[in-house]
Amino acid sequence: MTAITISARIKQPVEKTWEFFNNPEHVVNWNYADPSWHCPYAENDLKTGGKFNYRMEAKDGSYGFDFWGVYDNVVPYKTIEYTMGDGRKVWVKFEAQGNETFVETRFEPESSNPLDMQQAGWQSILNNFAGYCESKQS
């Protein structure tokens with residue numbers, strides 16, 4: 001199965017981008033695809049073999065799920081590779097470009113939703129992340 005790729009250019013240095021991407025204190029502020037959703041809880045043990053769990057819920061309480069996985073490889077400020085709870089693989093690359101960071105994510109799609117819908121959802125979350133990072137300009 002072919003992986004889906006999404007990307008964004010973040011207007012923050014790689015160290016800040018990494019922090020905003022991985023620190024649960026920040027994750028709860030951007031990790032959702034649509035404004036009618038939120039991420040009320042996040043925990044993250046960011047190391048090879050560590051686990052993460054992000055709770056994603058509709059704000060009206062009608063639906064929610066845990067997005068979780070185990071880290072296969074973590075190279076600070078460069079790469080995060082993990083296996084989601086359902087066994088699919090994800091690769092995230094951070095590329096420092098001066099005071100900006102290029103973030104690229106590749107993920108194995110699931111089989112119950114159309115590929116373009118999955119790509120749009122993940123890209124929306126990454127776009128929220130970019131907006132959150134830019135709101136943190138010092």
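- Annotation: ring-ring contact (aromatic ring centres under 6.0 Å, His included) contacts of H38 (sequence neighbours excluded): none.
- Remark: the backbone N or O of L126 is not paired with any side-chain donor or acceptor of W30 at under 3.5 angstrom.
- By the side-chain contact (heavy atoms from CB on, under 4.5 Å) test, V28 pairs with C39, A42, sequence neighbours left out.
- Put simply, the side chain of Q118 gets close to the backbone of E110: a donor and an acceptor are under 3.5 Å apart.
- Summarising the geometry, atom CD1 belonging to I10 is positioned 12.5 Å from atom CD belonging to E95; distances are rounded to the nearest 0.5 Å.
- For the side-chain contact (heavy atoms from CB on, under 4.5 Å) test, residues two or more places apart in sequence or in another chain that qualify with Y77 are V14, E15, W18.
- Judged as a ring-ring contact (aromatic ring centres under 6.0 Å, His included), and not counting sequence neighbours, the contacts of Y82 are F52.
- Looking at W91 and F107, their side chains never come closer than 4.5 Å, going by heavy atoms from C-beta outward.
- In this structure, F20 and H26 have side chains that are in contact, with non-hydrogen atoms separated by less than 4.5 Å.
- Listed by chain and residue number, nothing satisfies the side chain to side chain donor-acceptor pair (under 3.5 Å) test with N53 (two or more places apart in sequence, or in another chain).
- For E43, the side chain to side chain donor-acceptor pair (under 3.5 Å) criterion is met by Y41, not counting sequence neighbours.
- For R55, the salt bridge (Lys or Arg N to Asp or Glu O under 4.0 Å) test picks out E57, D66, with sequence neighbours left out.
- Within the 4.5 Å cutoff, side-chain heavy atoms of E104 are placed close to those of T5.
- Judged as a side chain to side chain donor-acceptor pair (under 3.5 Å), and not counting sequence neighbours, the contacts of N127 are Q123.
- Every residue meeting the salt bridge (Lys or Arg N to Asp or Glu O under 4.0 Å) condition with D45, not counting sequence neighbours, appears here in chain and number order: K47.
- Heavy atoms only, all atoms of each residue included: S135 and Y132 are closest at OG-O, 2.6 Å.
- Proximity of a side-chain donor or acceptor of N73 to a complementary backbone N or O of T48 within less than 3.5 Å is not detected.
- Remark: D116 pairs with no residue by the salt bridge (Lys or Arg N to Asp or Glu O under 4.0 Å) rule, at least two apart or across chains.
- When the side chains of ILVMFWY residues are joined at heavy-atom separations under 4.5 Å, either directly or via intervening members, I125 and L115 end up in a single hydrophobic cluster.
- Counting heavy atoms from C-beta outward, I6 and Q119 have side chains that approach closer than 4.5 Å.
- Listed for the E108 side chain is a donor-acceptor partner under 3.5 Å among the backbone atoms of K89.
- Looking at every heavy atom in both residues, W37 comes nearest to A58 through CE3-N, 3.5 Å.
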For V90 and T83, what are the C-alpha separation, side-chain angles and deciding distance, and is it a side chain to side chain contact (heavy atoms under 4.5 Å, CB included)? CA-CA 6 Å; V90 179; T83 301; over 6 Å; no
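- Of all heavy-atom pairs between F21 and Y54, the closest is O-OH, 4.4 Å.
- Of all non-hydrogen atoms in A33 and G121, the two that sit nearest each other are CB-O, 3.7 Å.
- Considering every non-hydrogen atom in both E25 and N29, the closest pair reads O-ND2, 3.0 Å.
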Side chain to side chain contact (heavy atoms under 4.5 Å, CB included), that's the test. Do N31 and M56 meet it? Break it down for me. CA-CA 8 Å; N31 191 39; M56 302 172 86; 4.0 Å; yes
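- Counting heavy atoms from C-beta outward, W122 and I4 have side chains that stay 4.5 Å or more apart.
- At least one side-chain heavy atom of F129 sits under 4.5 Å from a side-chain heavy atom of T17.
- Smallest separation of non-hydrogen atoms from S62 and D60: OG-OD1, 2.7 Å.
- Between the T101 side chain and the Q12 main chain, a donor and an acceptor come within less than 3.5 Å of each other.
- Residues meeting the salt bridge (Lys or Arg N to Asp or Glu O under 4.0 Å) test with K11, sequence neighbours left out: none.
- Both F65 and V27 are assigned to one and the same hydrophobic cluster, defined by single-linkage of ILVMFWY side chains at heavy-atom distances under 4.5 Å.
- Contact check for M84 versus W68: no side-chain heavy atoms found under the 4.5 Å cut-off.
- Between the side chain of S124 and the main chain of A120, no donor-acceptor pair closer than 3.5 Å is present.
- No side-chain heavy atom of V92 sits less than 4.5 Å from a side-chain heavy atom of T79.
- Shown here is K59, whose NZ atom has more than 12 heavy atoms of other residues, nucleotides or ligands within 6.0 Å.
- Evaluation of the side chain to side chain donor-acceptor pair (under 3.5 Å) rule for N23 yields E19 as partners, not counting sequence neighbours.
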